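Predicted model, so just to flag it, every value in this text is computed and none were measured. Here is the naming used below: chain letters follow the sequence lines, and residue numbers restart at 1 for every chain.
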There are 2 protein chains.
Amino acid sequence: MTQPMYRQVAEDLRRQIESGELPAGRQLPSQLNLQQRYSASRNTISDAIKWLTSVGLVETRPGQGTFVIAKVDPFVTILSADPGTGFGGGEGATYLSQVGEQHRSPSTGPVRVEIQDAPAEVAARLRVPNGTQVVVRHQERYIDGTPWSLQTSFYPMKFVTSGDADRLMMATEITEGTVLYLKKAVGLQQVGYRDWITARAPVQNEMSFFGLPHDGMVYVIFRTAFDQDGRPMRLTVTVFPIDRNQFIVNVGDVPEPQYGAGADEAGP
Amino acid sequence: MTQPMYRQVAEDLRRQIESGELPAGRQLPSQLNLQQRYSASRNTISDAIKWLTSVGLVETRPGQGTFVIAKVDPFVTILSADPGTGFGGGEGATYLSQVGEQHRSPSTGPVRVEIQDAPAEVAARLRVPNGTQVVVRHQERYIDGTPWSLQTSFYPMKFVTSGDADRLMMATEITEGTVLYLKKAVGLQQVGYRDWITARAPVQNEMSFFGLPHDGMVYVIFRTAFDQDGRPMRLTVTVFPIDRNQFIVNVGDVPEPQYGAGADEAGP
DNA sequence: GCAAATTTGTTCGTATGTATT
DNA sequence: CAATACATACGAACAAATTTG
């Protein structure tokens, strides 16, 4: 069960990284150097480094070298919320206050608004007929300047056409949050939501926005919000890079988390 | 911005897979065959296939060939629960009934019990001093015969030494669930829990148990359960392969999901 | 059970291209 | 522009796993 040479080299480098011999951010010796040190061809060294890249331990920059990855401090989003308010983690106003609690500085890109025929998956989750028109609101979100999430919300078009929720279609932020706005504008109250947590490989635009390698992964969270009649009133799809995000769900009576201090709040 | 050859080959194969020309389960032409078809060296073909493997589209079996991956029907775990009962998704009895609802057939491996000094991370989450002894209960879980999750629960040792919860230390299943058992045995009531959702690369034993490739990923969910005094009474760490698991969190008033039928229950 | 054929995995040498300093 | 460092590509050879005859 002798390992191939490239794996042996990779495991040796891995050991050095995990033991701290090669600290985060440190540049690895060049491939030419490693070639001599391990008495292997440069191709084999390159394979070893490819393997380390695929497990997320190092990052190579053409023309510069290979560097040990510095793990970013993960950002934690609370998905559950006080059912009374109907607000949830990662939404509008809540997003900003949560980020503030963790001593991070949030910012958002401009809102992009489109009118579309609902794709099959969106229509199914909103429980509207296939091809129904929906208002789509996109937004990019950053924390401490780092791209953090891509959010897309879908609202049935009838809120705009048959009601007074005109601001849904304007490409400006709704600072009080769309949950509150829809309640005031058309009397729709969000009484609950379901989050569906999945993960997959990123698509092209996600890779470039988040700066992910082709073998990175993203969480995709589908939040279906329900109104007082138990009907879906909104679908929000948020994409988070897996390497810098974690989630919390509180159920029942749970003591208050204390960010950065509480004993059970330490990241894994 | 012309792509390298191995990527062009990979993209062409990807197109064939995504268009259905190469359906799930179908064997790709052999590397020798593709080498001629694309007029490239076998090394380059091999690189293209490595890339497709890393994005999870194909799987190669040495000596046999390369096959288009058949996506498994994901299993969905509900993390939130009725706060009144204190039960949550994926726990003991609840796990079995949830799986039943999805027309899947669950099974579990034998329980393994150990007494350990709590590792730093466990001690922090249980809010006990470092090195405190804990009872550790491991279990492997399957659905339809496929390895589905690895669960490890940590209980403070004092439940056994100062109370009457002897069955915690026996390597047999506690069929009514440990939540109920602890309530009856030592009067500890679980009033809530916090789930901390993270993801990472699998370690060796996870890779072999789940049959994951080296660049696969797993969810790791840390569930800290709290008693009536707001103190942690249990930490359960569950590892799920990302490719066959999804999670749901319900908050507030949410209509009942109807597995396999409801419109908003369609997987992404 | 064994041998041959098929298929993927690993490794080397070598050459050339591209990005960065 | 030159030097350095990684990326891609080819050809060749042998190894390992599996199926087939």
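Per the geometry, CD belonging to Q31(B) stands 14 Å off C1' belonging to dA16(D), to the nearest Å. Rounded to whole Å, the distance from CG on L34(B) to P on dG9(C) is 13 Å. At whole-Å resolution of the value, CH2 in W51(B) and C1' in dT8(D) are 16 Å apart. Following rounding to the nearest Å, D47(B) (CG) and dA9(D) (C1') show an atom-to-atom distance of 9 Å. Here dC14(D) presents its C1' atom at 14 Å from CE of M5(A), a figure rounded to the nearest Å. We find that CG of L32(B) is positioned 9 Å from C1' of dT7(C), with the value rounded to whole Å. Going from atom CZ of F67(B) over to atom C1' of dA17(D) covers 12 Å, rounded to whole Å. Summarising the geometry, the separation between OH on Y38(A) and P on dC12(C) is reported as 14 Å, rounded to the nearest angstrom.
Nearest to the side-chain atoms of S30(A) among the listed nucleotides dT8(C), dA5(D), dT11(C) stands dA5(D). Picking from dT11(C), dT7(C), dG13(C) the nucleotide with the shortest atom distance to the side chain of N43(A) gives dG13(C).
Across Q31(A) and S46(A), no two heavy atoms sit closer than the pair OE1-CB, 4.0 Å.
S153(A) and R137(A) share no side-chain donor-acceptor pair at under 3.5 Å. Donor-acceptor pairing under 3.5 Å is lacking for the side chains of Q8(B) and Y6(B).
Along DNA chain C, the nucleotide nearest to T66(B) and the one nearest to R7(A) differ in position, and the one closer to the 5' end is contacted by T66(B).
R42(B) contributes a side-chain N or O that forms a donor-acceptor pair with the base of dG9(C) under 3.5 Å.
For D12(A), the salt bridge (charged side-chain N to carboxylate O under 4.0 Å, His left out) criterion is met by R15(A), not counting sequence neighbours. Scored by the salt bridge (charged side-chain N to carboxylate O under 4.0 Å, His left out) test, R7(B) finds E11(B) as partners (sequence neighbours excluded).
Only P62(A), G63(A), listed by number, bring a heavy atom of residues 55-63 of chain A to less than 4.0 angstrom from any atom of DNA chain C.
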Practice problem: Would you please test V203(B) and V218(B) for side-chain contact (heavy atoms from CB on, under 4.5 Å) and show each step? | Solution: CA-CA 9 Å; V203(B) 298; V218(B) 292; over 6 Å; no
Exercise. Could you go through the salt bridge (Lys or Arg N to Asp or Glu O under 4.0 Å) check for R200(A) and E206(A) one step at a time?
Key: CA-CA 11 Å; R200(A) 58 160 169 76; E206(A) 292 160 356; 2.9 Å; yes
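Regarding contacts with the backbone of dG11(D), every side-chain N or O of Q35(B) stays at 4.0 angstrom or more from both OP1 and OP2. The phosphate of dT10(C) has neither OP1 nor OP2 within less than 4.0 Å of any side-chain N or O from T44(A). Listed pair Q64(B) / dA17(D) fails the phosphate criterion, with no side-chain N or O lying under 4.0 Å from OP1 or OP2.
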